[in-house]
Amino acid sequence: MDASTSKSIQPIRAVKGTRDLLPRDVTLWQKIEDEVRRTFGAYHFGEVRTPIIEPTALFARSVGEDTDIVSKEMYTFLDRSDESLTLRPEATASVVRAYIEHSLFNEGGVRKLYYIGPMFRRDRPQKGRYRQFYQIGAEVLGSSHPAVDVEVLEMLTLFLRRVGLRDFTLLINSVGDKNCRPQYLNALREALSGVKAQMCGDCQRRADTNPLRVLDCKVPADQPIIEALPHFIDYLDPECRAHFESVLTGLCAREIPYEIKPRLVRGLDYYTRTTFEIASGVLGAQNSILGGGRYDGLSEMLGGPPAPGIGFAIGEDRLVLAVEAAGALKPGHPLTAYVAWLGEAAGAAAAKLTRELRAQGITVETGYEDAKLKKSLGNASRLGAGFAIIIGEGELASGLYQVKDLTTGRQEAVEPARLAEYLTRA
RNA sequence: GUGAGCGUAGCUCAGCUUGGUAGAGCGCCAGACUGUGGAUCUGGACGUCGCGGGUUCGAAUCCCGUCGCUCACCCCA
């Protein structure tokens, strides 16, 4: 307790919906991100880092003016030069903007890009939902071939298994394209006009504003009505249908389990054809850990050349919750060794040893002041050290340091020159 | 934006119904044990009881307001 803490000044707290990730949390985040780099890298995706602030128009044009994200959840402000800027609520628009801005389409072939970073939406916070949240996403631009969809989903399922998730279901659907979607929407509106009066208040509103969202309603009483509404896959034009079937065939060939969910819809306007989602049961109401899909017209919407694309975004905060619940990815000893010393002469030797071990990349801690051995070993134990190295008068005289394995309790004398090897073998 | 629950020690919480000197466990510090941790025992430090106002001789407890957190709706990652 800091006795100097002022009682009269109110401490400043983190902004609502934002949070501090402390070292004990971050170790897990880093392991997940290491796995992203390993797995996505193996599929030849390159990392991009785009700005967190973007022109507001970028999201209005891509995500859609009438979506909840754009109409009521963005952090938008006027810059000092009266330019409207927005803290990015998602990153696909930024990646496509960068793809166009740097003419990456001129380099031939498809471009595979991924990103990890914070996004901002002014929702009401709850479990798995924050105003500053993190997404891990990947995009493939430059091909509309269904094999791309399949490869993306293959990479995704491999990644999830590698971070320890086992029980998850890939939900997949097709939402058609600009040719067949209007016909489906007409059919849906027509069907809704006859039944919406019997539905919940939210559905009556959605039936007019965004009929696709009616399909996502969770009110039990509405389910029989929703079951009877037309399915998008029955309205796909021949090209979209062939694409969808090809994707499903590819998934089967790779033994990737999936479930067709005709009612799967996405909240962003740019999606076309393949859409998908993976949910986890441990997350509470916000159970979707990732979502994504194809967005073949997006580049043109942003003033670029035709560049069909597909991508996904994983909610990293939610993934961390799911990985924790799965109990995988246990970190090892964050601290390899603690150097315990007795007396000033040993202190000098300890400082030298500590410096040398650290220079070799071994994580080592030591005490700043002379302390009883009991206290030093207690510190070592509390800090989770794998080993304690004991240096006192006897060790200085013999030239051999006592090394105690704190897991087994076994102890032996080791030459200082051999210590680095001794600590890192295993 | 709407609703509900909860704010008491560093952490997890009890105490509130029926107002009467702020508690427990864990953690932390020290000692028992003057060079051997995790166990045990003993002792110790740390609290504007979220904040403001009201009722009362007296409020953690009752009332009003307010802020914060959490969960849910909504929406989405």
Side-chain angles (χ1 to χ4, degrees), chain A residues 1-3 5-11 13-17 19 63 67-73 88-92 116-137 200-203 205-206 209-210 213 216-219 264-268 276-280 283-293 311-322 338 340-343 346 370-396 402-411:
Chain A
M1 179 55 63
D2 180 358
T5 298
S6 170
K7 298 292 187 183
S8 58
I9 299 176
Q10 340 234 347
R13 306 168 50 90
V15 171
K16 181 197 281 285
R19 55 193 184 140
V63 174
T67 59
D68 278 17
I69 292 174
V70 172
S71 66
K72 51 193 185 195
E73 293 174 1
R88 63 183 186 190
E90 63 112 43
T92 299
I116 302 173
M119 310 294 158
F120 303 84
R121 294 183 201 172
R122 201 180 179 291
D123 267 342
R124 187 80 170 260
Q126 70 184 77
K127 187 179 179 70
R129 190 170 76 187
Y130 307 96
R131 290 182 172 184
Q132 176 176 336
F133 61 103
Y134 292 79
Q135 287 190 335
I136 297 165
C200 70
D202 283 326
C203 280
R205 173 178 54 77
R206 293 185 193 112
T209 59
N210 195 348
R213 294 239 64 90
D216 220 16
C217 176
K218 297 173 193 79
V219 175
L264 179 68
V265 291
R266 312 249 90 244
L268 290 73
F276 55 89
E277 180 176 312
I278 290 179
S280 162
L283 296 178
Q286 307 302 314
N287 63 355
S288 170
I289 64 176
L290 87 250
F312 60 81
I314 302 170
E316 191 172 7
D317 310 75
R318 293 179 186 178
L319 179 63
V320 167
L321 287 173
Y338 187 97
W341 52 275
L342 296 136
D370 203 358
K372 293 176 182 173
L373 183 59
K374 185 178 180 61
K375 181 172 171 59
S376 296
L377 289 177
N379 282 340
S381 186
R382 181 171 50 81
L383 294 171
F387 295 90
I389 300 166
I390 301 167
I391 309 177
E393 284 180 23
E395 286 72 23
L396 290 180
Q402 290 293 322
V403 180
K404 180 166 188 169
D405 183 323
L406 292 174
T407 308
T408 64
R410 291 185 48 176
Q411 181 171 324

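In what follows, chains carry the letters A, B, and so on, assigned in the order in which the sequence lines appear, proteins first and then strands, with residues in each chain numbered from 1.
When Watson-Crick and G-U wobble pairs are counted only if both distances are under 3.5 Å, B:rA22 pairs with no nucleotide at all. Nucleotide B:rC46: unpaired (no Watson-Crick or G-U wobble partner with both distances less than 3.5 Å). With a 3.5 Å ceiling on both atom-pair distances, B:rU17 lacks any Watson-Crick or G-U wobble partner. Judged by Watson-Crick or G-U wobble contacts below 3.5 Å, the nucleotide B:rU61 has no partner. Base-pair partner of B:rG7: B:rC67 (Watson-Crick or G-U wobble, both distances under 3.5 Å). The partner of B:rU2, taking Watson-Crick or G-U wobble pairs whose two distances both stay under 3.5 Å, is B:rA72.
A gap of 13 Å separates the P atoms of B:rG7 and B:rC16, to the nearest Å. With both ends at atom C1', the span from B:rG65 to B:rG27 equals 37 Å, rounded to whole Å. Between B:rG43 and B:rG35, the distance separating the two C1' atoms is 25 Å to the nearest Å. Straight-line distance between the C1' atoms of B:rG68 and B:rU8: roughly 15 Å, to the nearest whole Å. Straight-line distance between the C1' atoms of B:rC41 and B:rG50: roughly 38 Å, to the nearest whole Å. For the P atoms, the distance linking B:rG5 with B:rC62 amounts to 15 Å, nearest Å. A gap of 22 Å separates the P atoms of B:rU40 and B:rA45, to the nearest Å. For B:rC69 and B:rC64, the P atoms lie 23 Å apart once the distance is rounded to whole Å.
Of all the heavy atoms in A:K404 and A:G409, the pair that sits closest is CE-O, 3.7 Å. The nearest pair of heavy atoms linking A:A340 to A:S376 is CB-CB, 3.5 Å. Closest of all the heavy-atom pairs between A:L406 and A:A380 is CD1-CB, 3.8 Å. When all heavy atoms are compared, the tightest approach of A:L268 to A:I69 is CD1-CD1, 3.9 Å. Across every non-hydrogen atom of A:L283 and A:R318, the tightest pair is CD2-O, 3.5 Å. Contact detail for A:Q132 and A:P118: the closest heavy-atom pair is NE2-CB, 3.6 Å.
Within the model, atoms CE of A:M119 and CG of A:D317 stand 11.0 Å from one another, a figure rounded to the nearest 0.5 Å. Rounded to the nearest 0.5 Å, atoms OG1 (A:T67) and CD (A:E73) are 8.0 Å apart. For the atom pair CZ of A:R124 and NZ of A:K16, the computed distance is 6.0 Å after rounding to the nearest 0.5 Å.
Nucleotides of RNA chain B nearest to A:K375 and A:E395 differ in position, and the one nearer the 5' end is that of A:K375.
With sequence neighbours excluded, no residue satisfies salt bridge (Lys or Arg N to Asp or Glu O under 4.0 Å) with A:K372.
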- Note on the structure: With sugar-phosphate taken as primed atoms, P, OP1 and OP2 and all else as base, the protein-contact string of nucleotides 37-44 of chain B at under 4.0 Å (heavy atoms; B, S, -) is BB------
- Summary of protein contacts for nucleotides 70-77 of chain B, nucleotide by nucleotide, where a base hit scores B, a sugar-phosphate-only hit scores S (4.0 Å, heavy atoms): -SBBBBBB
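No N or O donor and acceptor, one from the side chain of A:Q402 and one from the base of B:rU36, sit under 3.5 Å apart.
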